[in-house]
Amino acid sequence: MKQFTKSFTQQESIPESGIDAAVAVMRTGRLHRYNTLPDEKSETDLLEIEFAEYMGVPFALACSSGGYALHIAMRAAGVEPGEKVLCNAFTLAPVPGAIHNSGAIPVLVDVAEDYCIDLDDLDAKAAASGAKYFMLSHMRGHLADMDRIMEICERYGLFLIEDCAHTMGASWNGVKSGTYGDIACFSTQTYKHINSGEGGFLTTHHPDMMARAIMHSGSYMLYERHFAAPAKETFADIRFDTPNYSGRMDNLRAAILRPQLADLEKQCNRWNARYRILEQAFNQCAAINIPARPAAEHFVASSIQFSLPQFSTEQILKVVEQCGHQGVVLKWFGDADPKDYTSRYDSWRYIEELPQLPKTEKILSKLLDMRIPLTFSEDDCQLIGEVINEVVTAVQG
Ligand SMILES: *Cc1c(COP(=O)(O)O)cnc(C)c1O
C-alpha cells in the first residue's frame, strides 16, 4: 500500500530576506505602520506601493485580513443595510460573513460543473433580486468566463467586488484577476499565495472608495501617509463621514510579504507544475472528473479540485477515509456538517431567506478538494496522484 507522509498544512519558510527585514523592523521598535521617521516610508507603505505596481492599479491598501478587506470593500462601495448582494454559494465562509458584517443580505448563486459561479443563475438572480452589488469569489482559484461576467455586470449595472483570495497572480485573457471589478480583495493568510499569517489587500481605481477604505482601515487622520492612495483633497469630506474600523497591516508582516511578492510569479509556476502532474494522473482514472481549464485562464493552483460523479456519498466518504489512512488529506465540500475550512452554503443559517440550491448541493456532493503546499515536490505529487487513483479504483469496485 502506497503511503504519503508529508503534511498538507506545512508551508515553505519565509524567505531569508524577509526574515532579515522583519528582524530589522523589530530592532527599530517601529512596528506600527504610521510610526515612521520624517520622510521615511514604512515597510507597509512600500508593500502597498509594490502591490499597486504589481497589479497595475493606482491604489492599494494593506490591511489585517482578506475577510476584513471584503468587509470594508462593502462599506467603501456604499452598500446600505438590508441591500442585496449577489455572491457564490460555493465559497468560503468569510465571503457571506463580510456581506453580513456590512448589514447586507447575501443572494447565493449556484455553482456550475466547472466549479465556477453558474452564469445563467447569476443572470437570473441579478434580474430577480434587483441587487446592485456582486461579490464574486474566484473560489479555489477557478476563474469564470470574465467576459461574460463583465457583460452581465454591465447589463444589470452591478458593482463588482472580486474576492481574489485564491487568484493572486492569476489572469484571464492576460488581464489580471482583480482588475476587472470595481474593487478587489486579497488575502495573505498562511494558506494563500503569499504568507504573513494574517493579512490582506484592497485595491481599486476609484479614488473616493480608496479614501473611504483607508479611513475605515484605521488611518486616524494620517491618510497623507499613504502613497498608493488618492490625493489628500479626496479626503476633505470623507474623513468626517467614515467610521474607523481599525484593521491595519503592521510593518512586521509587510516586511515578510515584500520578498514573497517579488517571488510570486516563480511560486505560481511551481504550483502549476504540481497541478499539471496531479491533473494528468486524474485524467488516467475514468471515475475521476477534472474539468479542463479554459485556455484564457491563467490560474494559480495552490489547491486542486476534482469530482467523482458516479460515486455515492458512502463511496466518497470511503475515498476520503482511505486516502487519509495513506496520508493524503482530501476535503469534501458536500458535507452537511461543516468541518475544517469547508462549510456548505446551507450551514450559514444567519442568512435571511436562505434558499435551497439543489444544483449546488448535487455538484458539491461529488466534489473533493486537496491543498498543494509548495513543500511537496513534483515526485510527491506523482505519488499522491497514484494513491488517489488506486483508492478511487478500489472503492469503485
Ligand atoms: C481565505 C479566503 C478569504 C478570506 O481571507 P482571510 O484572510 O482568511 O480573512 C476570502 N475568500 C476566500 C475564498 C478565501 O479562501
Side-chain angles (χ1 to χ4, degrees), residues 61-111 117 122 125 129 131-142 158-168 178 181-192 196-203 212-213 216-218 243-249 303 331 333 335-355 357 360-361 364 369:
L61 171 70
C63 55
S64 57
S65 76
Y68 178 85
L70 291 169
H71 169 223
I72 62 167
M74 294 267 94
R75 299 283 184 172
V79 178
E80 299 283 343
E83 265 193 282
K84 297 199 166 140
V85 179
L86 295 155
C87 78
N88 314 49
F90 175 44
T91 184
L92 229 57
V95 174
I99 296 170
H100 183 266
N101 202 3
S102 68
I105 301 167
V107 177
L108 301 178
V109 180
D110 268 325
V111 69
I117 197 160
L122 174 64
K125 294 227 167 95
S129 68
K132 287 282 156 257
Y133 296 89
F134 174 24
M135 187 176 272
L136 169 63
S137 199
H138 304 299
M139 179 60 171
R140 303 314 268 159
H142 294 271
L158 292 173
F159 184 97
L160 177 61
I161 297 171
E162 291 184 77
D163 166 22
C164 300
H166 299 142
T167 53
M168 188 189 284
D182 294 282
I183 301 182
C185 299
F186 300 82
S187 171
T188 64
Q189 185 241 78
T190 291
Y191 302 109
K192 310 299 160 90
S196 58
E198 302 287 355
F201 290 104
L202 183 153
T203 61
R212 281 198 287 274
H216 280 317
S217 78
N244 176 327
Y245 301 141
S246 274
R248 293 170 298 272
M249 169 69 65
S303 65
K331 302 286 178 195
F333 274 102
D335 204 331
D337 186 29
K339 288 197 184 83
D340 207 333
Y341 65 89
T342 66
S343 62
R344 207 171 62 186
Y345 76 94
D346 53 335
S347 70
W348 306 326
R349 293 186 195 159
Y350 58 83
I351 294 180
E352 268 176 52
E353 296 168 42
L354 189 65
L357 301 173
T360 292
E361 259 171 67
L364 296 186
D369 178 271

Is the Y245 ring parallel, tilted or perpendicular to the H216 ring (thresholds 30°, 60°)? parallel

When rounded to the nearest 0.5 angstrom, what is the spacing between CE in M135 and CD1 in I99? 5.0 Å

Is the count of non-hydrogen atoms from other residues, nucleotides or ligands lying under 6.0 Å from K192 atom NZ greater than 12? yes

Got a second to check how far L122's CG is from C87's SG, nearest 0.5 Å? 11.0 Å

Side-chain touch I117/L86, heavy atoms, less than 4.5 angstrom: no

Is any side-chain heavy atom of D346 less than 4.5 Å from a side-chain heavy atom of E361? yes

Could you check whether any side-chain N or O of S343 sits under 3.5 Å from a backbone N or O of P338, counting only pairs where one atom can act as donor and the other as acceptor? no

Going through the distances and angles, do F333 and Y345 end up as a side-chain contact (heavy atoms from CB on, under 4.5 Å)? CA-CA 10 Å; F333 274 102; Y345 76 94; over 6 Å; no

Under 4.5 Å between any side-chain heavy atoms of V111 and N88, yes or no? no

How many angstroms lie between atom OH of Y341 and atom OG of S303, to the nearest 0.5 angstrom? 6.5 Å

Is D182 reaching over with its side chain to a backbone N or O of L160, donor-acceptor style, under 3.5 angstrom? yes

From I161 atom CD1 to L136 atom CG, the distance as rounded to the nearest 0.5 Å: 10.5 Å

Which atoms form the tightest heavy-atom contact between S129 and K84, and what is the distance? O-CD, 4.1 Å

May I have the step-by-step check of side-chain contact (heavy atoms from CB on, under 4.5 Å) for R140 and H166, ending in yes or no? CA-CA 6 Å; R140 303 314 268 159; H166 299 142; 3.2 Å; yes

Kindly say whether C63 contributes a backbone atom to a donor-acceptor pair with the side chain of S217 at under 3.5 angstrom? no

Tell me the closest heavy-atom pair linking A104 and V79, and the distance in Å. CB-CG1, 3.6 Å

Taken to the nearest 0.5 Å, the spacing of E352 CD from H100 NE2 works out to 8.0 Å

Will you find, in the side chains of R344 and T342, an N or O donor that is under 3.5 Å from an N or O acceptor? no

Considering all heavy atoms of both residues, which atom of T167 and which atom of G141 are nearest to each other, and what is their separation? CG2-CA, 3.9 Å

Stepwise, does the side-chain contact (heavy atoms from CB on, under 4.5 Å) test hold for Y68 with E198? CA-CA 10 Å; Y68 178 85; E198 302 287 355; over 6 Å; no

Where do Y350 and P96 come nearest, in terms of heavy atoms and distance? OH-CB, 3.4 Å

What's the shortest heavy-atom distance between L92 and W348, and which atoms? C-CZ2, 4.3 Å

Assess the residue pair M74 and N101 against the criterion (side-chain contact (heavy atoms from CB on, under 4.5 Å)); give the C-alpha distance rounded to whole Å, side-chain angles, the decisive distance to 0.1 Å, and a yes or no. CA-CA 9 Å; M74 294 267 94; N101 202 3; over 6 Å; no

How long is the span from the CG atom in L108 to the OG1 atom in T91, to the nearest 0.5 Å? 10.0 Å

Taking every heavy atom of D110 against every heavy atom of K125, the minimum-distance pair comes out as N-NZ, 4.4 Å

